[in-house]
Amino acid sequence: MRTHTPALLLVAGLGTVFFAPAGLAADAPMRKSGLWEIRTETTAGGQKMSGPMAMQMCIEQGKDDMTADPKDAQDMRKRCSKMDVQRTGNTMTIDSVCAMDGHTATGRTVITGNLTTDYRMENATRFDPPMHGMRTMSSTMTGKWLGPCKSGQKHGSMTMSGMPGTGSGGEFRMDPEMMKRMQQQYGR
């Protein structure tokens, strides 16, 4: 699993990085309770990094803070010199400039859809100096509500498919406790 940890962290991190700014907006909608299918494609410096990767995630609307922890939102605010959120109809645009491990990340995220049945999120980020050799990173994430969560699932439970090295079927399952352990291990 060690060789695939960066891919897992990328997927988990993308969700937090992209959704955290949305959580800063007072009128940010929350995803409808139930099972969501989330598809992600990522490129860095014009090279495809991942994708299409698919994940199914159980969401409880009352807990859908999208930052997973109020402390994350506070940390984000401290690291960002700019966090402009504009909303027009079903489109939210977030322009940000944030410090990340000695790098400046300048990004634009555009979220369209209503977050009760579907959404599309496009993100483009520039790193100065380049982060791990990457000057730019972009991603497209789409979400579609599938219905109620599966029996035994709780908020934050997810199943990822399309992950290389995960055995037959290419599925990897993660629950919220595993995510917390990974975040603690990697000092998030």
Side-chain angles (χ1 to χ4, degrees), residues 6-32 36-55 57 59 61 64-145 158 160 162 179 183 186-188:
L8 292 174
L9 292 175
L10 176 64
V11 171
L14 288 174
T16 301
V17 169
F18 295 144
F19 278 122
L24 298 176
D27 62 347
M30 292 189 286
R31 290 174 286 186
K32 180 179 181 176
W36 282 83
E37 180 178 71
I38 302 165
R39 295 188 176 274
T40 306
E41 290 194 53
T42 305
T43 60
Q47 300 283 336
K48 190 179 254 193
M49 285 181 62
S50 70
M53 290 194 351
M55 157 177 46
M57 183 173 196
I59 299 294
Q61 187 176 37
D64 192 25
D65 180 358
M66 295 189 185
T67 60
D69 183 346
K71 184 178 175 283
D72 289 343
Q74 291 172 354
D75 290 345
M76 174 77 68
R77 285 186 195 105
K78 288 177 188 175
R79 292 188 319 235
C80 298
S81 60
K82 176 182 178 180
M83 184 65 68
D84 294 337
V85 180
Q86 294 181 356
R87 185 169 181 163
T88 306
N90 278 349
T91 301
M92 183 180 297
T93 303
I94 305 153
D95 290 305
S96 61
V97 177
C98 303
M100 297 176 65
D101 300 324
H103 305 271
T104 300
T106 304
R108 171 168 270 206
T109 301
V110 178
I111 305 168
T112 55
N114 60 26
L115 290 176
T116 59
T117 58
D118 62 83
Y119 62 89
R120 180 178 179 88
M121 189 178 321
E122 296 176 347
N123 177 273
T125 305
R126 247 184 5 263
F127 299 102
D128 186 29
M131 182 180 280
H132 305 293
M134 294 184 300
R135 289 189 184 283
T136 62
M137 183 172 80
S138 62
S139 66
T140 301
M141 181 184 293
T142 57
K144 179 181 177 184
W145 188 78
M158 65 180 100
M160 291 179 252
M179 177 70 79
Q183 289 171 343
Y186 291 96
R188 184 176 161 271

Verdict with reasoning, Asn123 to Thr109, per side-chain hydrogen bond (donor to acceptor under 3.5 Å, both in side chains): CA-CA 4 Å; Asn123 177 273; Thr109 301; 2.5 Å; yes
Under the side chain to side chain contact (heavy atoms under 4.5 Å, CB included) test, residues paired with Thr117 that sit two or more places apart: Asn114
Min side-chain heavy-atom separation Ile59-Met57 under 4.5 Å: yes
Heavy-atom pair with the smallest gap, counting every atom of Phe127 and Met100: CE2-SD, 4.5 Å
Heavy-atom closest pair, residues Gly102 and Pro129: O-CD, 3.7 Å
Residues that Gln86 engages under side chain to side chain contact (heavy atoms under 4.5 Å, CB included), provided they are two or more places apart: none
Listed once per pair and sorted, the salt bridge (Lys or Arg N to Asp or Glu O under 4.0 Å) pairs that draw on residues 121-141, sequence neighbours left out: Arg120-Glu122
Minimum heavy-atom distance between Asp101 and His103, given as atom pair plus value: O-CD2, 3.0 Å
Taking every non-hydrogen atom, the tightest pair across Ala44 and Met134: CB-SD, 3.1 Å
Interatomic spacing from OG1 in Thr142 to CD in Glu37 - rounded to 0.5 Å: 7.5 Å
Audit row: Thr125, Met131, side chain to side chain contact (heavy atoms under 4.5 Å, CB included) steps and yes/no: CA-CA 11 Å; Thr125 305; Met131 182 180 280; over 6 Å; no
Beyond-backbone contact of Thr93 with Val110, side-chain heavy atoms, under 4.5 angstrom: yes
Inter- and intrachain pairs under salt bridge (Lys or Arg N to Asp or Glu O under 4.0 Å), touching residues 107-119, at least two apart: Asp95-Arg108
Nearest heavy atoms of Gly89 and Arg87, plus distance in Å: O-NE, 3.5 Å
4.5 Å side-chain heavy-atom contact, Ser139 and Glu41: no
